[in-house]
Amino acid sequence: TDDAYSSLSVEQDKGDKTVAESLLVAEVRTELLHRVERKTAALDERKTLWLIGDSITCNCSASSTTKGWGMYIGEWLDDTRIKVCNMARAGLSTQSFIHTDGLAIWSHVCRKMKAGDYLIVSLGINDCSSSAPERRTSLEQYTENLEAFADEAHRRGVTLLFVTSTVTVENNPVVNFRRAY
């Protein structure tokens, strides 16, 4: 119509009752939608800070008493220039990110990383876990796994940062040393 406003009716069948909804569309609103699309495109050109790690880095639910540092790093960054993509998962190790249950996550990150992005790898505590043999690594394998992360980042033009494993505070200096190797 030539009116500034048009009406659109939508009907949706939900079992035995029909839901009808009317939407009011204005010219001004249509123009605003175009502006939103342009702004979204600009945001998609931002660099990405990729995080891979374990429970110390991962996003946790609001009700959880555990909080990973990766949940908060975005608060310190300008979100118009960089976006944070936290792919960390509790319990994972360098071994599991490259060879077992975290491989799908690492593969996704590899497909999406682009030149100019950043990658923080914060793994190590679960690499020496005695409770999860599929995640445990030797010192030599741990080194090889870190080299694999570095090689992939270098191949893609991504700046890589390794975050030193955090020591779990226990009254046993042998356990603390082992977890920090």
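- L77 and I73 get closest at one heavy-atom pair: CG-O, 3.6 Å.
- Rounding to the nearest 0.5 Å gives a distance of 9.0 Å between CD1 of I82 and CZ of R46.
- To the nearest 0.5 Å, the span separating CH2 on W50 from NZ on K114 amounts to 7.5 Å.
- V84 and M71 fall into different hydrophobic clusters, where Ile, Leu, Val, Met, Phe, Trp and Tyr residues are linked whenever their side-chain heavy atoms come under 4.5 Å apart, directly or through other members.
- The two residues T48 and C85 come nearest to each other via the heavy atoms CG2-CB, 3.9 Å.
- Between F149 and I52 the shortest side-chain heavy-atom distance falls below 4.5 Å.
- Using a 4.0 Å cut-off between a side-chain N of Lys or Arg and a carboxylate O of Asp or Glu, D101 and R135 qualify as a salt bridge.
- Residues I56 and L161 fall within the same hydrophobic cluster, defined by Ile, Leu, Val, Met, Phe, Trp and Tyr side chains chained together at heavy-atom separations under 4.5 Å.
- Note: S93 OG to D54 CG = 9.0 Å, rounded to the nearest 0.5 Å.
- Closest approach of E152 to C110, counting heavy atoms only: CG-SG, 3.5 Å.
- Between the side chain of D117 and the main chain of V158, no donor-acceptor pair closer than 3.5 Å is present.
- In this structure, CE in M87 is found 11.5 Å from CG in L119, a value given to the nearest 0.5 Å.
- For Q95 and N145, the side-chain atoms include at least one donor-acceptor pair closer than 3.5 Å.
- The neighbour count for K112 NZ, taken as heavy atoms of other residues, nucleotides or ligands under 6.0 Å away, does not exceed 12.
- Here the closest heavy-atom approach between residue I98 and residue L103 is recorded as O-CD1, 3.2 Å.
- The side-chain heavy atoms of N126 and F97, taken from C-beta on, include no pair separated by under 4.5 Å.
- From N59, atom CG reaches atom CZ of R89 across 8.0 Å, with rounding to the nearest 0.5 Å.
- Taking all atoms of both residues into account, the shortest heavy-atom contact from C58 to A88 is CB-O, 3.4 Å.
- Atoms OG1 and CG, on T94 and L123 in that order, are 6.5 Å from each other to the nearest 0.5 Å.
- Follow the hydrophobic side-chain contacts under 4.5 Å out from F162 and you reach W106 in the same cluster.
- Around the NE2 atom of H154, the shell of radius 6.0 Å holds no more than 12 heavy atoms that belong to other residues, nucleotides or ligands.
- Using a 4.5 Å cut-off on side-chain heavy atoms (C-beta onward), W69 and I120 make contact.
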